[in-house]
Trainee: 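Quick one: the structure is below, and I'll ask about it shortly.
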Protein chains: 2
Amino acid sequence: MNNTISDIKITKCQSSKINEVDFENLVFGNIFTDHMLLCDYKDGVWQQPEIVPYAPFLMDPSSKVFHYGQAIFEGMKAYKDAHDDIWLFRPDQNFDRFNKSATRLAMPEVPEEVFIGGLKQLIQLEKDWVKHGNGSALYIRPFMIATGHGVIAAPSTEYRFMIILSPAKSYYSGEVKVIIAEHFSRAANGGIGAAKAAGNYSGQFYPTKLANEEGFQQIIWTDDATHTKLEEAGTMNVFFRINDVLYTAPTSERILDGVTRKSVIDLAKREGIQVEVRSVLVDELVQAAKDGSLKEIFGAGTAAVINPIAGFSYKGEYFELPKMENSFAQEIKTKLTGIQTKELEDTFGWTVKV
Amino acid sequence: MNNTISDIKITKCQSSKINEVDFENLVFGNIFTDHMLLCDYKDGVWQQPEIVPYAPFLMDPSSKVFHYGQAIFEGMKAYKDAHDDIWLFRPDQNFDRFNKSATRLAMPEVPEEVFIGGLKQLIQLEKDWVKHGNGSALYIRPFMIATGHGVIAAPSTEYRFMIILSPAKSYYSGEVKVIIAEHFSRAANGGIGAAKAAGNYSGQFYPTKLANEEGFQQIIWTDDATHTKLEEAGTMNVFFRINDVLYTAPTSERILDGVTRKSVIDLAKREGIQVEVRSVLVDELVQAAKDGSLKEIFGAGTAAVINPIAGFSYKGEYFELPKMENSFAQEIKTKLTGIQTKELEDTFGWTVKV
């Protein structure tokens, strides 16, 4: 890079649109703050990062992202504490994963001073958009797209890194029922399933639409070769509580190394919950549902944080989960969001002040 | 759709850039003609298609294509015959596949009058860009991207369909050596490998870069579960000649149903070549290379048409293919391009006049 972070060029918007926003009735991910960060990569180097008013930008019809899908992203959140300080949750983990995704898609790594440093400057500018209180957060979307031209299937030589911010309440509302994948799948062995790549999501929409039509909100994906191992839910990692043991699949080339996932594992262990990181078989889950040892299933992800699952369908049979008092999902969600919002002590050192 | 094809709105450019183009020294896919077609989908219907000067267009930073990879395309070619008539090659096949890709990615199907009718009008306008002669063609790139806004992982409600045109000579130059995939893979069972989706390409760039560094231009992908079956080359389907029999893998959810592939099969059969559509095992290929029965490997795709492969590497061992006189690759390429350019009789009825 030619410049240091102190060189971020800031162009402020003429007037804020914050007063037009109903912060109590936000739909996830469809309102953005006044400014965005962008940084272009060309001639083999990152150019000067800029913070500019949020606005559409020009793209050539032959831009590589449209044709060959070089696009990656991260999802993060910022929270405001009682003293009006703003906190990020494990941003180093998102930064590391972003650059792993970049490498897997033959894209350049983004420097820390652009990703983390730029993010902090952007949030400082937008600090009024981060609200206190139950479920409120600023959702952060860093992403990178291939902006180079040409319809030949080869990596781009030009890229744009951007960060956009969206005020958020909780991600899911209502009961989540899931279907276990029997035919479709999310990722291949040796593929890009572990990367937070745009192409991993579009392939899930059609099977999810079919699931929606049957009354299910999400799919729990299974391994593509045998459909016998439970993997992840596409936008969340998945945990299974059988008796008092919490299970989740190990990360792999097919499964995203979720920041919430790894935080749940550490937090559950601290709380004295036995956690086993191993593949859970579909048959095992069905058996546990039948004999009553299956107590809970929940998803874990940045957007949803912890999302309890009400029941699952497999081969046309629906298994309703018991209503649990003192559920692991609720306990872990309370502790995790407490740490994120600084209401509880962060014994792990996960939170980073902006 | 609200309108019929006769309603295509045409806005011509002020002056053509055709005289700036060196048609004898074209790099594949990096120069575009003066105009492009675009048609937007919103409120559940396709809007009026337009032909406008080729130009960048505005995209919102939260456009779904950047975050969730809803993007599909086709590759086609137009040829000019000795009478200055312009011909498409099996456009119905590309149109059908495009809409299959659309369905798999939860995108709306594009009407025939927009895809085929719009393409014909666009090419008529750009007819001077289609040149006669050896390897000359107009490469056609229809594509569709998700233009709806919002960073929530769900299908877009707005899309843009476009066609851009690029004058082309042949795709590959020089000798093509391939490496057989042992670890990485292109597609999952139950995934989107059969769709011409942008996300299928970005995942290949990093493994291909590694292959390039070892001196190989392309990868022959194997099935992701066992890496024992030969599948396709990512931008081409692959044919193997063992003794005098031509083998190619059956299409599947992991393998693109290539238009050139199916044309090669029909043409080879017409020429009296025995063709077997079945999975070829890597072990079988290595054995055939060792005992001398492996005569040829070639790729088949719209961009490359037929691309002979000089040799392959597997587990660090390189197998050079024999230099064949009267190769199947050359015979089929001559016949196929002869039909495409109208120099040979089209007994199949594959060519369609613009």
Side-chain angles (χ1 to χ4, degrees), chain A residues 28-30 32 36 54 56-62 65-71 73 75 103-106 139 141 143 145-146 149-155 162 164 166 181 183-192 197-206 208-209 224-225 227 234-235 303, chain B residues 28-30 32 36 54 56-62 65-71 73 75 103-106 139 141 143 145-146 149-155 162 164 166 181 183-192 197-206 208-209 224-227 234-235:
Chain A
F28 191 92
N30 79 336
F32 298 91
M36 61 188 189
Y54 185 96
F57 55 96
L58 286 169
M59 289 287 285
D60 192 85
S62 76
V65 63
F66 297 151
H67 301 270
Y68 305 115
Q70 276 186 297
F73 70 92
T103 298
R104 183 61 186 85
L105 272 80
Y139 182 76
R141 174 57 62 95
F143 66 103
I145 55 174
H149 302 180
V151 292
I152 185 159
M162 301 186 77
I164 56 177
S166 177
H183 172 76
F184 290 109
S185 36
R186 177 186 169 275
N189 289 304
I192 60 170
N200 285 331
Y201 294 82
S202 53
Q204 300 183 53
F205 291 164
Y206 175 69
T208 303
K209 191 169 76 168
D224 78 302
H227 296 294
T235 59
Chain B
F28 190 92
N30 79 337
F32 298 91
M36 61 187 189
Y54 184 97
F57 55 95
L58 285 169
M59 289 288 284
D60 192 85
S62 76
V65 63
F66 296 151
H67 302 270
Y68 306 115
Q70 275 185 298
F73 70 93
T103 298
R104 182 62 185 84
L105 272 80
Y139 181 76
R141 174 58 61 96
F143 65 104
I145 55 174
H149 302 181
V151 292
I152 186 159
M162 301 187 77
I164 55 178
S166 177
H183 172 77
F184 291 108
S185 36
R186 177 185 169 275
N189 289 303
I192 60 170
N200 285 332
Y201 294 82
S202 53
Q204 300 183 52
F205 291 163
Y206 175 69
T208 304
K209 191 169 78 168
D224 77 303
T226 66
H227 296 294
T235 59

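Per chain, numbering begins at 1; letters A, B, ... match sequence-line order. Just so you know, these numbers come straight off a predicted model, no measurement behind them.
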Trainee: Checking Thr208(B) against chain A: side chain, backbone, both or neither under 4.5 Å from a heavy atom?
Mentor: neither
Trainee: Could you tell me which non-hydrogen atom of Val151(A) sits nearest to which non-hydrogen atom of Phe28(B), and how far apart they are?
Mentor: O-CE2, 3.7 Å
Trainee: Given that the side chain runs from C-beta out, which part of Leu58(A) has a heavy atom under 4.5 Å from chain B: side chain, backbone, both or neither?
Mentor: both
Trainee: Could you state the interatomic distance from CZ (Phe66(B)) to CD1 (Ile145(A)), rounded to the nearest 0.5 Å?
Mentor: 4.0 Å
Trainee: Out of curiosity, Tyr201(B) OH to Gln70(A) CD, how far, rounded to the nearest 0.5 Å?
Mentor: 14.0 Å
Trainee: Is the closest side-chain heavy-atom distance between Ile152(B) and Asn30(A) below 4.5 Å?
Mentor: no
Trainee: Less than 6.0 angstrom separating the ring centers of Phe143(B) and His67(A), yes or no?
Mentor: yes
Trainee: Is it the backbone or the side chain of Met59(B) that comes under 4.5 Å from a heavy atom of chain A, or both, or neither?
Mentor: both
Trainee: State, yes or no, whether a side-chain contact exists between Pro61(B) and Met162(A) at a heavy-atom distance under 4.5 Å.
Mentor: yes
Trainee: Side chain, backbone, both or neither: which part of Ala154(B) has a non-hydrogen atom closer than 4.5 Å to chain A?
Mentor: backbone
Trainee: Side chains of Ile192(A) and Tyr206(B): does their closest heavy-atom pair fall under 4.5 Å?
Mentor: no
Trainee: Taking all non-hydrogen atoms of both residues, which atom of Thr235(B) and which atom of Ala153(A) are closest, and how far apart?
Mentor: CG2-CB, 3.7 Å
Trainee: Indicate the atoms forming the closest heavy-atom contact of Ala225(A) with Asn189(B), along with that distance.
Mentor: CA-ND2, 3.9 Å
Trainee: Contact part of Arg141(B) toward chain A, heavy-atom cut-off under 4.5 Å: side chain, backbone, both or neither?
Mentor: side chain
Trainee: Count the heavy-atom pairs under 4.5 Å between each of Gly203(A), Pro155(A), Gly191(A), Ala197(A) and chain B, then report the option with the highest count.
Mentor: Pro155(A)
Trainee: Go through Ser62(B), Gly75(B), Ala146(B) and name the one with the most non-hydrogen pairs under 4.5 angstrom from chain A.
Mentor: Ser62(B)
Trainee: Please identify, among Ser202(A), Ala71(A), Gly29(A), the residue contributing the most non-hydrogen atom pairs under 4.5 Å to chain B.
Mentor: Ser202(A)
Trainee: Can you tell if the side chain of Arg104(B) reaches within under 4.5 Å of the side chain of Phe205(A), non-hydrogen atoms only?
Mentor: no
Trainee: Let me confirm one number: the OG-CG distance from Ser185(A) to Asp224(B), rounded to the nearest 0.5 Å.
Mentor: 8.0 Å
Trainee: Between Phe73(A) and Tyr68(B) (judged by ring centroids, cut-off 6.0 Å), do the two rings come close enough to count as a pair?
Mentor: yes
Trainee: Between Asp60(B) and Tyr54(A), does a side-chain hydrogen bond (donor to acceptor under 3.5 Å, both in side chains) hold up when you go through it step by step?
Mentor: CA-CA 9 Å; Asp60(B) 192 85; Tyr54(A) 185 96; 2.6 Å; yes
Trainee: Quick check: closest heavy atoms across Ala198(B) and Gly69(A), and the distance to 0.1 Å?
Mentor: CB-N, 3.4 Å
Trainee: Sort Leu105(B) into side chain, backbone, both or neither according to what part of it lies under 4.5 angstrom from a heavy atom of chain A.
Mentor: both
